[in-house]
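Down below is the structure, laid out as structure tokens.
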Protein chains: 2
Amino acid sequence: MRDDAVHERKVGPLTFRLDLSQPLYEQILEQMRAAIARGELPLGEKIPSVREMAQALRVNPNTVSHAYQELERDGLTETRRGQGTFVTAEPARVDQFRTAIAEQAVNEFVDRMQALGFGWNDIDRLLDERKAKGGA
Amino acid sequence: MRDDAVHERKVGPLTFRLDLSQPLYEQILEQMRAAIARGELPLGEKIPSVREMAQALRVNPNTVSHAYQELERDGLTETRRGQGTFVTAEPARVDQFRTAIAEQAVNEFVDRMQALGFGWNDIDRLLDERKAKGGA
DNA sequence: CGTGTGTATTATGTGATATAATACACATGT
DNA sequence: ACATGTGTATTATATCACATAATACACACG
């Protein structure tokens with residue numbers, strides 16, 4: 001288990017977990033994507049400003065901006081100069097995005113397991129074990 | 001889909017896929033781990049020498065050495081000066097290692113899916129879809 | 001006009017990664 | 001003894017991604 005000084009910080013309705021095992025902007029990006037995918041940030045919602053987010057996360061504004069620009073490239077948000085960044089992806093689009101991410105996660109997971117020599121039976125078994133232990 | 005010039009090179013019985021999306025030594029390390037986990041390199045087997053591997057993969061010997069040292073830290077191999085690097089982990093130990101990696105993969109996968117708001121039903125469904133499409 | 005937006009620019013610093021060129025320590029076979 | 005093949009260590013260099021800092025700019029709104 002890697003701990004590496006995990007920082008948990010809240011900004012508005014969101015909670016971010018940051019550590020040093022990955023680029024900061026990627027962690028912010030991924031957690032923003034997940035928040036939108038979950039529907040936690042609905043259509044039209046204004047997400048925290050770059051400077052506000054930067055201050056809350058104790059991070060440089062440039063770093064937050066980097067993440068936000070990737071969000072826009074994803075087609076999830078839209079930027080309006082002088083106003084802020086808003087979620088503009090419609091629910092159907094968001095769900096499509098969410099599914100795409102999920103399928104990629106599935107593929108990476110299955111490929112990884114098969115590289116270790118596990119078949120479907122083993123995968124199902126290990127998942128059941130996790131199901132028995134873990135939450136949700 | 002990321003292509004990024006994937007190089008596939010063979011060395012002895014093994015085949016390596018290298019690209020530039022990750023550190024080279026990590027890719028070598030992970031694929032060596034998988035080969036051992038699969039039982040493709042049995043107990044006592046001498047793995048290719050640092051220089052041989054470096055030449056085959058078109059990579060600096062230091063890079064290969066880095067990967068090999070991590071393998072030894074994993075307790076999978078043992079180094080004998082003047083002789084080479086050998087697989088010294090017994091089958092039971094290898095299997096324990098394989099399971100540990102697999103469980104970590106499962107945990108990361110499940111956590112990621114749950115972060116996207118998917119429950120067990122969704123996970124099972126997406127896995128079934130992949131099962132229908134993909135190989136093995 | 002003042003304030004709050006996102007963005008751009010320039011500079012600096014750090015760390016991981018990879019390469020190159022050598023040299024060393026050790027085992028083995030001849 | 002020697003040559004050869006092992007892993008390893010050292011030193012140097014180079015590159016790149018990442019993050020920060022300090023400013024400045026363009027725009028919207030009240």
Side-chain angles (χ1 to χ4, degrees), chain A residues 2 4-7 9 11-12 16 18-32 41 44-88, chain B residues 2 4-7 9 11-12 16 18-32 41 44-88:
Chain A
R2 284 272 77 77
D4 282 307
V6 186
H7 289 92
R9 300 211 173 89
V11 43
F16 287 83
L18 300 184
D19 57 50
L20 300 181
S21 70
Q22 257 185 338
L24 293 175
Y25 87 92
E26 276 191 13
Q27 300 181 52
I28 298 171
L29 173 58
E30 188 173 349
Q31 293 176 42
M32 286 294 303
L41 298 174
E45 184 89 349
K46 179 181 178 300
I47 69 182
S49 80
V50 166
R51 289 174 178 83
E52 179 187 353
M53 184 76 90
Q55 189 168 12
L57 303 185
R58 305 270 188 181
V59 148
N60 194 284
N62 297 334
T63 303
V64 177
S65 180
H66 190 173
Y68 279 18
Q69 290 176 36
E70 292 295 320
L71 273 185
E72 191 168 18
R73 286 186 60 251
D74 289 336
L76 296 178
T77 62
E78 203 170 287
T79 262
R80 300 186 199 127
R81 290 200 138 190
Q83 304 184 50
T85 303
F86 301 83
V87 178
T88 55
Chain B
R2 282 273 76 77
D4 281 307
V6 186
H7 289 91
R9 301 213 172 89
V11 42
F16 287 83
L18 299 185
D19 58 51
L20 300 181
S21 68
Q22 257 186 337
L24 293 175
Y25 86 92
E26 276 191 13
Q27 300 181 51
I28 298 171
L29 174 59
E30 187 173 348
Q31 293 176 41
M32 286 294 304
L41 296 174
E45 184 89 349
K46 178 181 180 297
I47 70 182
S49 80
V50 165
R51 290 175 178 84
E52 180 187 354
M53 184 76 90
Q55 188 169 12
L57 302 185
R58 305 269 186 182
V59 149
N60 194 284
N62 296 335
T63 303
V64 177
S65 181
H66 189 172
Y68 279 18
Q69 289 176 37
E70 292 295 320
L71 273 185
E72 190 168 19
R73 285 187 61 250
D74 289 335
L76 296 178
T77 62
E78 205 169 287
T79 261
R80 300 183 200 130
R81 291 202 138 189
Q83 304 183 49
T85 304
F86 303 82
V87 178
T88 54

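Quick note on labels: first sequence line is chain A, next is B, and so on, each numbered from 1. Only this structure's heavy atoms are used, side chains among them; waters, hydrogens and symmetry mates stay out. None of these values were measured; they are calculated from a predicted model.
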#### Entry: Residues in contact with DNA chain D, drawn from residues 72-87 of chain A - heavy-atom cutoff 4.0 Å
Arg81(A), Gly82(A), Gln83(A)
### Message
My understanding is that only residues two or more places apart in sequence, or in another chain, count here; which of them pass side chain to side chain donor-acceptor pair (under 3.5 Å) with Arg73(A)?
### Response
Glu70(A)
### Task
Under the side chain to side chain contact (heavy atoms under 4.5 Å, CB included) rule, collect the residues that match up with Glu26(A), sequence neighbours excluded.
Gln22(A), Pro23(A)
Pair up each side-chain donor or acceptor in residues 62-69 of chain A with any protein partner under 3.5 Å, not counting sequence neighbours, and list the distances.
from, atom 1, to, atom 2, distance (Å)
Asn62(A), ND2, Asn60(A), OD1, 3.2
Ser65(A), OG, Gln69(A), NE2, 3.1
Tyr68(A), OH, Pro48(A), O, 2.7

### Message
Give me the atom names and distance for the closest heavy-atom approach of Leu18(B) to Gln27(B).
### Response
CA-OE1, 3.3 Å
### Message
Tell me every residue that passes side chain to side chain donor-acceptor pair (under 3.5 Å) with Gln31(B), counting only those two or more places apart in sequence or in another chain.
### Response
none
#### Entry: Sugar-phosphate or base contact per nucleotide [nucleotides 15-20 of chain D; S, B, -; heavy atom under 4.0 Å]
---SSB
Side-chain donor-acceptor distances from residues 78-88 of chain A under 3.5 Å, at least two apart:
from, atom 1, to, atom 2, distance (Å)
Thr79(A), OG1, Thr85(A), OG1, 3.4

### Message
Going by side chain to side chain contact (heavy atoms under 4.5 Å, CB included), name the residues that satisfy it together with Arg9(A), two or more places apart in sequence or in a different chain.
### Response
His7(A), Leu57(A), Arg58(A)
### Message
Without decimals, in angstroms, what is the distance between Tyr68(B) OH and dT6(D) P?
### Response
11 Å
### Whole angstrom value for the distance that separates P of dA18(C) from CG of Asp19(B)
11 Å
### Query
Got a sec, which residues hit ring-ring contact (aromatic ring centres under 6.0 Å, His included) with Phe16(A), two or more places apart in sequence or on another chain?
none
### Task
Would you name the heavy atoms of Ile47(A) and Met32(A) that are closest together and state the gap between them?
CD1-CE, 4.0 Å
### Task
Mind running a 4.0 Å heavy-atom check of residues 47-56 of chain B against DNA chain C and sending the residues that fall below it, in number order?
Arg51(B)
### Query
Between Asp74(A) (side chain) and Leu76(A) (backbone), is there a donor-acceptor pair under 3.5 Å?
no
